[in-house]
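Nothing fancy with the numbering, it's 1 onward along the sequence.
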Amino acid sequence: MEKIKETVYPLEEILTRYFTDHFERLNRYDIPKVTRMRREAMDFFKQNGFPHNKMENWRNTDMEGIYEEKLAVFDREIPFEKALSKIFLCEVHGFDTRAISVLNGSFYSPEELKLTVDEDGVIVGSLAKAQQEYPELIEKYYGEVMQQEDGLKALNTALASDGVFIYVPDNVEVKNTIQLINILNKPNLVINVRNLIVLGKNAKLTFLHCDDSVNLLAGFINKVNEIYLGENAELELYKLQNLNNETALLNQTAIHQSANSRLKVNVLSLNGGLIRNEITDLMNGEGAWSDIRGLYLMDQQQHIDNQVFVYHNMPHCNSNQLFKGILDNEATGVFNGYIYVARDAQQTNAFQRNSNILLTKTAQVDTMPHLEIYADDVKCSHGASVGQLDNEALFYLMQRGIPVDDARMLLLYAFADAIIKEISIEALRISIEDLVKRRLRGDLSICDRCVLHCSNPDTPVIFDIDLSKI
């Protein structure tokens with residue numbers, strides 16, 4: 001762990017002062033464990049400060065401009081009065097989800113806090129409320145997966161007041177997809193959100209996690225997601241990100257995999273001024289399996305940073321990583337893929353690939369695959385590529401009467417399709433296909449509705465060519 005603190009930024013002073021002045025409000029729902037973790041985390045933050053680009057994992061993402069901002073901390077003192085549909089509407093045609101929402105960092109409900117318990121024992125709702133009603137679960141799982149390895153994670157532990165808690169008991173399959181909608185609609189806020197998801201033995205869940213802006217105002221979202229998968233548990237996790245160019249999103253996810261658990265992750269980043277996705281997959285049980293994929297479409301001066309760490313700590317585990325990016329204008333990107341294989345993790349299969357297309361000379365991407373292997377009976381590989389569109393393929397399509405702009409977009413979509421086609425929910429996949437086509441045409445930006453609502457079945461974007469032939 002790097003401990004280099006060179007500068008005290010204005011935002012750091014604001015946040016530490018807020019912690020001191022409002023500690024009683026912050027921990028009013030806490031169990032003793034969480035209160036203790038808050039204090040320890042703030043001590044860590046005061047000592048280490050914000051991460052910066054002299055640290056290895058941060059050297060290609062400059063956060064200094066955000067640290068210099070004088071942002072406020074959102075403090076929800078009264079219940080929300082306006083119906084959520086008046087603020088935001090998310091609709092995927094033909095896709096039935098159980099939607100829950102977090103607005104400006106707080107669980108959204110007409111009541112102060114809300115927690116529902118289904119007949120099969122599935123618990124969904126406010127993390128703060130869960131501390132009151134299920135302290136034994138919070139005691140067992142909270143803070144056990146995500147390690148406090150930098151100042152931003154510590155800051156989240158210290159200041160997060162709420163988030164979403166999902167608990168799926170042993171042998172329960174959640175039939176409907178649970179959709180978490182994170183919405184930012186207030187200006188100049190720094191928001192810390194904490195989500196905790198626990199799947200018991202043989203449990204199954206499909207989870208759709210959306211981050212959206214509903215205006216063009218600045219903000220900084222510092223989010224931590226802790227996920228625990230019991231033995232033979234199965235999780236499909238989809239992350240959709242469509243934020244304005246003034247918003248920075250730090251999305252940090254840590255996952256514990258028990259024996260024979262299965263994890264499928266698909267991260268789709270369509271818009272955002274600065275997005276950093278950190279995914280840490282801890283394969284702590286023998287026979288665990290994971291497939292982690294991502295697609296990022298950046299333009300203008302947008303910046304995307306994907307950090308993926310997979311730790312093979314036990315034998316007979318399999319992992320796959322595939323991330324693809326298309327960068328236009330002056331957009332910049334980072335991919336840091338890391339595979340660790342422990343000494344006793346024999347018969348490991350681990351594969352990693354990052355591919356990028358740069359559409360201009362001013363777009364840039366840094367791709368850094370890493371393998372660290374201590375076992376000898378393994379199959380591991382990694383690869384990375386950065387290039388432009390294939391001119392021969394473009395010429396081939398143009399020879400067949402396809403205009404150059406359409407031919408260019410078809411090739412870009414075919415490049416992205418390796419990620420999109422792995423979406424197993426048909427209605428969601430169709431909507432994402434449409435969103436990506438619109439994004440490649442330059443038609444899609446954030447609006448006052450969820451981007452998924454732009455996918456109108458009466459006016460789809462249609463290609464007049466079979467993509468399988470490209």
Side-chain angles (χ1 to χ4, degrees), residues 92-94 240-245 266-273 275 293-304 322-333 353-365 367 384-423 426-447 449-470:
V92 182
H93 296 283
L240 306 183
Q241 298 164 337
N242 191 60
L243 297 155
N244 65 46
N245 287 340
N266 205 319
V267 184
L268 300 127
S269 305
L270 301 178
N271 269 305
I275 297 176
R293 297 178 184 241
L295 174 66
Y296 43 99
L297 309 176
M298 299 286 113
D299 61 8
Q300 301 178 57
Q301 287 82 41
Q302 295 176 342
H303 179 79
I304 180 78
L322 177 61
F323 276 69
K324 290 195 166 191
I326 300 173
L327 293 89
D328 200 356
N329 306 127
E330 299 174 10
T332 52
R353 179 76 186 175
N354 175 233
S355 301
N356 300 274
I357 292 179
L358 305 183
L359 298 180
T360 64
K361 293 181 179 180
T362 51
Q364 297 180 14
V365 66
T367 179
S385 63
V386 180
Q388 291 75 41
L389 278 177
D390 187 331
N391 286 329
E392 291 187 5
L394 188 64
F395 181 68
Y396 172 86
L397 294 177
M398 292 170 62
Q399 276 189 318
R400 280 145 184 81
I402 300 173
V404 61
D405 287 344
D406 289 345
R408 178 174 174 270
M409 190 180 68
L410 287 167
L411 290 174
L412 292 175
Y413 183 84
F415 173 81
D417 191 54
I419 308 299
I420 301 168
K421 70 181 182 181
E422 291 300 316
I423 299 174
E426 183 179 7
L428 179 61
R429 186 179 68 253
I430 291 170
S431 287
I432 296 301
E433 288 173 352
D434 187 45
L435 284 175
V436 171
K437 294 170 189 175
R438 292 177 187 275
R439 183 72 172 102
L440 293 174
R441 285 190 186 276
D443 296 339
L444 176 65
S445 62
I446 72 105
C447 57
R449 293 302 203 199
C450 171
V451 293
L452 297 179
H453 192 255
C454 296
S455 180
N456 189 325
D458 298 325
T459 57
V461 178
I462 299 173
F463 290 161
D464 297 322
I465 189 171
D466 184 355
L467 290 173
S468 65
K469 299 296 192 296
I470 299 178

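With sequence neighbours excluded, the residues forming a side-chain contact (heavy atoms from CB on, under 4.5 Å) with Gln399 are Phe395, listed by chain and number. Take Asn266 and apply the side-chain hydrogen bond (donor to acceptor under 3.5 Å, both in side chains) test, not counting sequence neighbours, and it matches no residue. For Ala363, the side-chain contact (heavy atoms from CB on, under 4.5 Å) partners are Leu327, Leu358, Thr360, not counting sequence neighbours. Scored by the side-chain contact (heavy atoms from CB on, under 4.5 Å) test, Thr332 finds His303, Gln364 as partners (sequence neighbours excluded). Residues satisfying the side-chain hydrogen bond (donor to acceptor under 3.5 Å, both in side chains) criterion with Glu422, sequence neighbours excluded, are absent altogether. Scored by the side-chain hydrogen bond (donor to acceptor under 3.5 Å, both in side chains) test, Arg293 finds Asp291 as partners (sequence neighbours excluded). With sequence neighbours excluded, the residues that form a side-chain contact (heavy atoms from CB on, under 4.5 Å) with Glu330 are Gln301, Thr362. Judged as a ring pair (Phe, Tyr, Trp, His ring centres under 6.0 Å), and not counting sequence neighbours, the contacts of Phe323 are Phe335. Take Asp299 and apply the side-chain hydrogen bond (donor to acceptor under 3.5 Å, both in side chains) test, not counting sequence neighbours, and it matches Arg439. Listed by chain and number, the residues in a salt bridge (Lys or Arg N to Asp or Glu O under 4.0 Å) with Asp390 amount to none (sequence neighbours excluded).
Legend: salt bridge (Lys or Arg N to Asp or Glu O under 4.0 Å) pairs involving residues 396-416, not counting sequence neighbours, sorted by first then second residue: Asp406-Arg441.
Between the side chain of Lys324 and the backbone N or O of Phe415 there is at least one donor-acceptor pair closer than 3.5 Å.
Taking the side chain as every heavy atom from C-beta outward, Ile419 and Leu322 approach each other to under 4.5 Å.
Note that CG of Leu389 and CG of Leu359 are 6.0 Å apart. Values are rounded to the nearest 0.5 Å.
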